[in-house]
Amino acid sequence: MSDGPGIVAVLEKRGRFLTAMPFFERGRQFVVERDRQAGPGDLVLLRTGGQGRGHARVIRRIGRPDVTRDVLEGLMLDHGLSRAFARPVEQEAERVAESVSGGGERRDLRELATFTVDPASARDFDDAISAEPRGADHWRVWVHIADVSAFVMPGSELDREAHRRGTSVYVPGAVEPMLPAALSNGACSLVAGEDRLAVTVELDFDGAQVKRSAVYRSLIRSDARLDYDRVDRIFAGKEPALDPWAGPLKAAREAAAALAAKRAERGALIVDSPEPEFRFDAAGAVTGAQSVVQTESHRLVEHLMIAANEQVATLLERQRVPALYRVHERPEPARIEFLVEQLASLGVATPPLTKHLSRQQAADAVGEISRLVDAHVRRTGRGRLALTSLVLRSLRQAVYSPRNIGHAGLQSPCYCHFTSPIRRYPDLVCHRAVLAAVGGDEPAPRAAGLAETAAWASAREREAMTLERKADDIAHCFLLERELFERGWEHPYDGEVVGLIAAGAFIAFGDGYEGMLPVRRLRGEWWELNPEGTILVAQRSARTLRLGDAVEVTVQRVEAARGRVDLDPVSL
């Protein structure tokens, strides 16, 4: 995600010279022009050139290489993130945040009981929910989404910068937002107790069937800022729900449950991938982490957002308004046949496949496979990460496209991203498109440039995901080093095999850590990987190391800057 040349490095004193070694990747050493803001041992951002080849100058002191927050800041800069908005963009954001009002054709829904549900650490609130029962198994649900299009005009400085960034990037303890704080945390964020401009998708449900839908601009006021943990406590009966949102939360829960049952019936993928959430102290050191798993509160929001996205996409396709769809091609039959072979080698039940599998049959089969994998993991208590990874690698990657071809993972014929316009540019495109479709005085996106925008947004999304995974790995490494300092490097960990290559095994261990156990450390004999890539087999003794197997390991080395951990076996 590079905006220009820049290298993150650590300064060192070498005789009369100040030198710098690249921090995240091995590379050549630079001679650095002396700088008052930084000295030996500092983590800095360099610009190469200076007095000649092999020279560089400091353009920013980042901090210290042993402070987690400083290293994560350096990682973002090393990947070309700006870490600030140009002053004209900031000024435009501040101006529109103050000047845009709720006039025009906008329904006043401020008397409607409304709530948001987000992580406890969230600062930008894209979506809010209202709901009420309309008889047995009938509900009306309002999904309110921040009306970013009212503030970000096509072709403006804000719009060009949002397009350039494409997406917000989230790393532990920090974010590179798509929009300046005056909008992302201010005027566009659906904070409790404040009037906010929204685009509302109104849905009438008969069970899981949407019988009627409408999309329009609105004025809302959230009554409560709920978080996932609190909602789960309410659902478990450990905390009371309060008026005026208690009834709407109950109705939303019932509607989401009906949608969940329908999604399972139509064969949507079941993928449960825990996400780490880190804690930091005031000095910027990581102090702890927990794995956040999908709970009923997460699924409530997910199912209602999917329903809103589907209705918006259906409206856009029906009216042939140029837009960006979120598409997920059906998998290649050969990939699903190989997936079945992989799972069978591990003793995981799989559905029978026809001899000549079509792509639609492959898509149907992988949904059933995901449910059988989920059942296997629940029954055995192991293999979640490894088996989920096998399923995901058998699929094509979801992307953005101006042409609707459906979303195979959701088993949805028509789907778009509409519900997060504060942090994703394609959602803003869909807002403009749907408002043009319903006569909201918004110009429709130009069809001519949408293919390029789709490719750009898809690429930015992939780059952001790569950076976010690297940042998680680095934060885990710092946390592991802290733990090993307290426990000692000889401390053994219970682990599980989550990946295999010919060179060794990837092991998840401890509280969210992952490392590499090279085959060269499995002393005594030669190990080979089976054709399915699911089992390492010792050639002399026929011992095996399988995906999902329990192993005991110790940490041999930690390279925090590269997010890398090398392991030793305790007994194997």
Side-chain angles (χ1 to χ4, degrees), residues 1-3 6-12 20-25 35 37-47 58-85 118-124 165 167-181 184-185 274-292 423 463-486 510-515 555 558-565:
M1 306 177 78
S2 177
D3 293 331
I7 298 172
V8 173
V10 176
L11 297 181
E12 299 176 4
M21 288 294 296
F23 186 69
F24 294 105
E25 301 293 339
D35 189 278
Q37 63 178 322
D42 282 341
L43 189 67
V44 297
L45 181 65
L46 300 177
R47 187 78 73 212
V58 175
I59 58 175
R60 177 180 168 184
R61 179 186 181 275
I62 301 169
R64 304 293 294 184
D66 57 350
V67 177
T68 315
R69 186 168 285 148
D70 293 344
V71 171
L72 295 176
E73 181 72 16
L75 180 70
M76 290 189 283
L77 290 167
D78 197 66
H79 279 251
L81 301 190
S82 302
R83 304 305 295 133
F85 288 90
D118 292 279
S121 59
R123 294 293 178 268
D124 52 350
R165 296 182 178 225
T167 181
S168 295
V169 183
Y170 297 88
V171 306
V175 60
E176 173 88 345
M178 187 180 79
L179 297 172
S184 60
N185 294 353
E275 298 290 337
E277 189 173 275
F278 296 91
R279 298 184 299 277
F280 292 81
D281 63 18
V286 62
T287 59
Q290 65 177 9
S291 292
V292 179
R423 62 184 181 87
E463 292 168 0
M465 290 173 60
T466 299
L467 174 56
E468 289 166 354
R469 283 195 295 266
K470 181 70 174 293
D472 287 346
D473 289 343
I474 289 172
H476 269 130
C477 281
F478 273 101
L479 192 59
L480 178 59
E481 286 183 321
R482 180 189 183 107
E483 189 172 301
L484 291 169
F485 178 78
E486 297 171 354
D511 190 11
Y513 305 126
E514 188 173 313
V555 177
V558 178
E559 289 186 82
R562 294 174 179 83
R564 176 172 174 172
V565 178

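When Glu463, Lys470, Arg469 are each tested for a side-chain contact (heavy atoms from CB on, under 4.5 Å) with Thr466, only one passes: Arg469. Residue Gln37 forms a side-chain contact (heavy atoms from CB on, under 4.5 Å) with just one option from Val58, Val44, Asp42, and that option is Val58.
Counting only distance, with no hydrogens or angles, the side chain of Glu468 and the backbone of Val169 share no donor-acceptor pair below 3.5 Å. No donor-acceptor distance shorter than 3.5 angstrom exists from the side chain of Arg562 to the backbone of Ala560, with no hydrogens or angles considered. With hydrogens and angles ignored, the 3.5 Å screen pairs a side-chain donor or acceptor of His476 with a backbone N or O of Gly512. A donor-acceptor pair is defined here as one N or O able to donate and one able to accept, closer than 3.5 Å; such a pair exists between the side chain of Arg165 and the backbone of Pro177.
Residues Asp70 and Arg64 come closest through the heavy atom pair OD2-N, 3.0 Å. Across every non-hydrogen atom of Ala9 and Leu46, the tightest pair is CB-CD1, 3.8 Å. Shortest non-hydrogen contact noted between Gly6 and Asp78 is O-OD1, 4.4 Å. The two residues Ala475 and Thr68 make their nearest non-hydrogen contact at CA-CG2, 4.2 Å. In terms of heavy-atom proximity, Ala561 sits nearest to Phe24 at O-CD2, 3.3 Å. Residues Val175 and Ser168 share a closest heavy-atom pair of CG2-CB, 4.4 Å.
Residues forming a ring pair (Phe, Tyr, Trp, His ring centres under 6.0 Å) with Phe85 (at least two apart in sequence, or on another chain): none. With sequence neighbours excluded, the residues forming a side chain to side chain donor-acceptor pair (under 3.5 Å) with Arg564 are Asp566, listed by chain and number. For Arg69, there are no side chain to side chain donor-acceptor pair (under 3.5 Å) partners two or more places apart in sequence or in a different chain. Applying the side chain to side chain donor-acceptor pair (under 3.5 Å) rule to Glu12 yields the partners Arg14; only residues at least two apart in sequence or on another chain are considered. Residues forming a side chain to side chain donor-acceptor pair (under 3.5 Å) with Asn185 (at least two apart in sequence, or on another chain): none.
Residue Ile474 holds its CD1 atom at 13.5 Å from CG of Leu479, rounded to the nearest 0.5 Å. To the nearest 0.5 Å, atoms OH (Tyr170) and CG (Asp472) are separated by 14.0 Å. Separating the CG atom in Leu77 from the CD atom in Glu176 is a distance of 8.5 Å, to the nearest 0.5 Å. Atom CG of Leu179 is separated from atom CZ of Arg423 by 12.0 Å, given to the nearest 0.5 angstrom. The structure places CG of Asp473 at 7.0 Å from CD of Glu514, a figure rounded to the nearest 0.5 Å. One distance of note links CG of Leu75 with CG of Leu467; it measures 5.0 Å at 0.5 Å rounding.
Side-chain contact between Leu43 and Phe23: present, with at least one pair of heavy atoms (C-beta onward) separated by less than 4.5 Å.
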Would you give me the side-chain donor-acceptor pairs under 3.5 Å for residues 279-291, sequence neighbours excluded?
from: Asp281; atom 1: OD1; to: Ala283; atom 2: N; distance (Å): 3.0
from: Asp281; atom 1: OD1; to: Gly284; atom 2: N; distance (Å): 3.0
from: Asp281; atom 1: OD1; to: Ala285; atom 2: N; distance (Å): 2.9
from: Thr287; atom 1: OG1; to: Arg279; atom 2: O; distance (Å): 3.3

